[in-house]
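What follows is one structure encoded as structure tokens, with my remarks underneath.
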Amino acid sequence: MLDKNQIAQRIAKELKDGYYVNLGIGIPTLVANFIPEGITVTLQSENGLLGMGPFPLAGEEDPDLINAGKQTITTLPGSAFFDSAMSFGMIRAGKVDLTVLGAMEVSENGDIASWKIPGKMVKGMGGAMDLVASAKNITVAMMHTNPKGESKLLKKCNLPLTGIKCVKKIVTNLAVIEVTENGFHLLERAPGVSVEEIQNKTEGNLIIEGEIPEMNL
Amino acid sequence: MLDKNQIAQRIAKELKDGYYVNLGIGIPTLVANFIPEGITVTLQSENGLLGMGPFPLAGEEDPDLINAGKQTITTLPGSAFFDSAMSFGMIRAGKVDLTVLGAMEVSENGDIASWKIPGKMVKGMGGAMDLVASAKNITVAMMHTNPKGESKLLKKCNLPLTGIKCVKKIVTNLAVIEVTENGFHLLERAPGVSVEEIQNKTEGNLIIEGEIPEMNL
Amino acid sequence: MNKVFKNAGEAIHDIGNGSIIMLGGFGLCGIPENCIAALVKKEVKDLTCISNNAGVDDFGIGLLLKKKQLKKMVASYVGENAEFERQLLTGELEVELIPQGTLATRCMASGYGMPAIFTPAGVGTEVAEGKESRMFNGKEYLMEYAFESDFALVKAWKGDTAGNLIYKETARNFNPLMAMAGKVTIAEVEELVEAGQLNPNEIHTPGIYVHRIFKGSVYEKRIEQRTVRD
Amino acid sequence: MNKVFKNAGEAIHDIGNGSIIMLGGFGLCGIPENCIAALVKKEVKDLTCISNNAGVDDFGIGLLLKKKQLKKMVASYVGENAEFERQLLTGELEVELIPQGTLATRCMASGYGMPAIFTPAGVGTEVAEGKESRMFNGKEYLMEYAFESDFALVKAWKGDTAGNLIYKETARNFNPLMAMAGKVTIAEVEELVEAGQLNPNEIHTPGIYVHRIFKGSVYEKRIEQRTVRD
């Protein structure tokens, strides 16, 4: 079973040289720590920055320089600032190669719910609806089950949707799954996790074809 | 009868403090020479400049700094450069207070023709269609008649239109005319020009109410 | 034509009860601190505030919330604010949530004289309810209308007496977009210079969009999530 | 990921016969001189060129016209070019005229992922023929579609190895808009520096929109209408 850092580490393996990538809040942010050596990946922060760098050293925080999670950050050489309309413009235009987001639920047709629990929590969708509707390559990073142990990979989402038919890949603490026309296609198992366990914890249709390899971190 | 400079001079009297103004090619450009003292008028050039200044001194021409007529120009303090989308954006949004344009024909309902003579001349509309469709205050600067002596103030335009029901005011070598719901409303005569002459040279409906004052340059 | 005002109080003098105002900023980054302080002091009520976020409990728009000056909040993300949640749950506060890119682009559309735009954000979700949708190249888009406000309050880094603005880093965010969408746009700046002192090549918001400008007296620039590396 | 090319010839190596290309510039100001020279040298044919203007007889896009490399010209204003007029009248050249603001905004729409925009330009004229129109707030607008090209050739003042661009003065014009509208965007610059040498606050076109960049070998920067005062 993977921890949060390992989920991020596995997602980082999807990165390719020259990719522009938008990382959501939570586990997705951790992906930045595992960018493979030798390739150039440029991080986009939807509040108006390309070329996001690591957190600043203590004492060097700049209140005018934050990421979409409102965290203090730095820039890397070659960065550029722009306004929020251009930021979502480049997202809508498909210029961002990979978007990694958290989710509360994903359904077997690629719907995602992540922004609202009726009667309990309404923080707003922020940029998530724009991102999932626009990006060509949406990967979800999340735990396979919720704190109650219930599957987050469902036949149909119960919570209000963030977007429809948009999730392409899911990396959880248990598995790597591709969303296909017929449902969740199991690609890889986490080290030490059986196909049976994944099957038990996946409510939506899980497609198991041939031998499922253990993932290589 | 006014010459071109005097037409420009009369139009300049329409300027008010704080106005943003777009001046077309030809007579309109001359308006910049007659901005009344004591007021601030900012000239917009639709190729991407606010705060256009006079032509440069010989030897100081900058090929990267031109106006919409492709002439070398200068900037004034407080100027700003922007791209063509923002330029027409501010025009469409009604931020430009006064637009002065030339025309080949104007009709009594405010239609304007200025960009094409079928079979003879097709230079293109440039930014004229955007300007006339967007600006809230369109003033036409032109001769009252064409070189053949035919009226350019018509019941209906014969040439392909640049825009419809958009011209608010016309200043010619003979008169100042306001375009109203009922047609051309004569406001002022050029020095030494009779109402009869203006009437004879205006094909469209000319509204003459009371004494028509001679214009004051 | 003088655009320069002495301070926030004078610049916002005609913002009255029931006004619809846009406020630039993302989180607490690039917010018009001095205008907000002046609105609190003026005790205007029943405001509709359009802003990406609603501040925190004791800073930013949170200050207006605490004084119950808001009738309605239009935003994309309103977390990190307990008083907000309380007013929302009791029904004291009306809230409209809009996807962030849609909010940004609707402001820009206003400044660009485009009455509506098409965006895929929200298709198939409750955001799409009651909205016209349309297919382009096999993909569904919602039609969203341009967004204008009575007043836009924006914060820039540098400004000049002609109203030209330059923003700093990610404090740019919604500021240039809202600056274009105000019937009256009021800019507060950290540094106010004479026309001619800014490089015309580096202007982010041309002065034609800005009606009033003043130098903010203090900038606290509070950090919401201070994060550092070892 | 290397975006830097040695020269114009290498940067445009895959522009072939029949390509649809956008070229930045207004008149002769801010045109991609080196790319045009390379296209002339490569003798590619049947090009569709999208550009605000068509150059003059012996410079800019006029050079491609003279060599009869164009099948179609899409522009807003095509005066000052006798060879253009000749090819137009003989039917050798297909021409589509688009209002300048519509052309600019359609390019931007492409770079902003907006499939269509609304503009009042051309309502009631022959430009409106066959187009969908729609009323907003009592005013009529035409729906115009986003404009994309196989290649966008743009000229900037400064650029860096990450593809970020800064334009100079009114040489900006259509360049940032077309840079956003190319499936492949090729930028030629007067000065090419390492990533990190440009101020990220002053970038006009973020590098994400630029696929290839090279330093132009010569810039003639011809002036179309030299005007001076006494």
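To find a chain, count down the sequence lines: A is the first, B the second, and so on, and within it residues start at 1.
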Before you tell me yes or no, could you show the steps for A:N205 and A:E108 under side chain to side chain donor-acceptor pair (under 3.5 Å), namely the whole-Å CA-CA distance, both residues' side-chain angles and the distance that decides it to 0.1 Å? CA-CA 6 Å; A:N205 185 35; A:E108 61 188 37; 5.4 Å; no
Between chain A and each of D:G207, D:G163, D:A195, count heavy-atom pairs under 4.5 Å; write down the option with the most. D:A195
Check each atom of A:T75 against the heavy atoms of chain D and say whether the ones under 4.5 Å are side chain, backbone, both or neither. neither
Considering only heavy atoms, which portion of D:L198 lies under 4.5 Å from any heavy atom of chain A: side chain, backbone, both, or neither? neither
In sequence, state the C-alpha distance, the side-chain angles, and the governing distance for D:R212 and D:D14, and then conclude on salt bridge (charged side-chain N to carboxylate O under 4.0 Å, His left out). CA-CA 12 Å; D:R212 302 174 192 171; D:D14 52 351; 2.8 Å; yes
Bottom line for D:M108: the part with an atom under 4.5 Å from chain A's heavy atoms is neither
Applying side chain to side chain donor-acceptor pair (under 3.5 Å) to A:T180 and A:N182, what does each step give before you reach the verdict? CA-CA 5 Å; A:T180 68; A:N182 303 312; 4.9 Å; no
Starting from the C-alpha separation in whole Å, work towards a yes-or-no answer on ring pair (Phe, Tyr, Trp, His ring centres under 6.0 Å) for D:F136 and D:F118. CA-CA 10 Å; D:F136 291 96; D:F118 292 103; 4.9 Å; yes
Could you check whether D:S19 and D:D150, counting side-chain N and O atoms only, form a donor-acceptor pair closer than 3.5 Å? no
If you count heavy-atom pairs within less than 4.5 Å of chain D, which of A:G94, A:P77, A:G51 leads? A:P77
Checking A:E188 against A:R10 for the salt bridge (charged side-chain N to carboxylate O under 4.0 Å, His left out) test, could you report, in this order, the C-alpha distance in whole Å, the side-chain angles of both residues, the deciding distance, and whether it holds? CA-CA 11 Å; A:E188 299 172 17; A:R10 175 59 191 82; 2.9 Å; yes
Heavy-atom proximity to chain A below 4.5 Å, by part of D:D160: side chain
Chain A heavy atoms under 4.5 Å from D:T161: which part of the residue, side chain, backbone, both or neither? neither
